[in-house]
Amino acid sequence: MASTQAEAGPSREGWHTVTLRIPFHTPQHAEIARQAIDVDREQNGTFVSREMAVEGEELVVTYWTSTIRLLRLSTNSFLSSLDLVTRTMTSFAPDPSDARITDEELERIKEESNASTGAVGGKKGIELKGDGRGAGSGEEVR
């Protein structure tokens with residue numbers, strides 16, 4: 001899906017152009033980024049035009065501006081917004097190829113760590129505590 005801001009003037013002939021191709025983990029991640037950034041309109045709509053589209057796993061952004069200075073400013077502003085979006089997505093939509101640690105794996109890591117530090121048989125070491133409710137348990141807390 002592509003989004004285009006209102007064209008800046010009747011013609012872009014002689015305007016400065018840049019196209020950025022930003023890879024994401026999945027097409028869904030690229031679309032989420034496009035939607036998040038698309039709400040921020042260009043302040044100089046008469047002199048700056050932006051088009052965004054998702055092509056596979058890439059977000060493709062093209063800027064057209066009347067001056068090279070506006071191209072630099074628009075691109076810098078976009079990259080700043082993209083940085084915020086990608087940092088947020090890293091926290092809330094992690095790479096689907098990243099392995100998720102199971103409870104059994106956590107127990108094994110705990111045992112190995114405690115054994116390597118000599119914290120066995122009543123000595124304090126890593127403790128995994130929980131009542132089986134709440135975050136991570138799969139059970140809804142009311």
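Computed from heavy atoms alone, side chains included, the values below leave out hydrogens, waters and symmetry copies.
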Testing the basics here: between [X] and [Y], what is the closest heavy-atom pair and its distance to 0.1 Å?
{"X": "R50", "Y": "D40", "result": "NH2-O, 2.8 Å"}
{"X": "E31", "Y": "V54", "result": "OE1-CG2, 3.3 Å"}
{"X": "W15", "Y": "V48", "result": "CZ3-N, 4.2 Å"}
{"X": "T17", "Y": "W64", "result": "OG1-CD1, 3.2 Å"}

Between the side chain of T86 and the main-chain N/O of L82, is any donor-acceptor distance below 3.5 Å?
yes

Rounded to the nearest 0.5 Å, what's the gap from [atom1] on [X] to [atom2] on [Y]? Could you check?
{"X": "L70", "Y": "T46", "atom1": "CG", "atom2": "OG1", "value": "10.5 Å"}
{"X": "I68", "Y": "H16", "atom1": "CD1", "atom2": "NE2", "value": "5.0 Å"}
{"X": "I37", "Y": "M52", "atom1": "CD1", "atom2": "CE", "value": "6.0 Å"}
{"X": "H25", "Y": "T90", "atom1": "NE2", "atom2": "OG1", "value": "6.5 Å"}

Do I22 and F78 pass the side-chain contact (heavy atoms from CB on, under 4.5 Å) test, and can you show the C-alpha distance, the side-chain angles, and the key distance before you say yes or no?
CA-CA 12 Å; I22 300 98; F78 168 78; 4.0 Å; yes

For L84, all residues meeting side chain to side chain contact (heavy atoms under 4.5 Å, CB included), sequence neighbours excluded:
T88

When you group the ILVMFWY residues by side-chain heavy-atom contacts below 4.5 Å and let the links chain together, are [Y] and [X] in the same group?
{"X": "F47", "Y": "Y63", "value": "yes"}
{"X": "L71", "Y": "V61", "value": "yes"}
{"X": "V60", "Y": "V18", "value": "no"}
{"X": "F24", "Y": "L79", "value": "yes"}

Contacts of T62 that satisfy side chain to side chain donor-acceptor pair (under 3.5 Å) - sequence neighbours left out:
T19

Using the side chain to side chain donor-acceptor pair (under 3.5 Å) criterion, which residues pair with E57? Sequence neighbours excluded.
none

Which pairs with one or both residues in residues 65-82 pass side chain to side chain donor-acceptor pair (under 3.5 Å), sequence neighbours excluded?
none

Taking salt bridge (charged side-chain N to carboxylate O under 4.0 Å, His left out) as the cut-off, I'd like each qualifying pair that reaches into residues 18-28, sequence neighbours left out, listed once.
R21-E55, R21-E58

Salt bridge or not for R108 and E105, using N-O below 4.0 Å?
yes

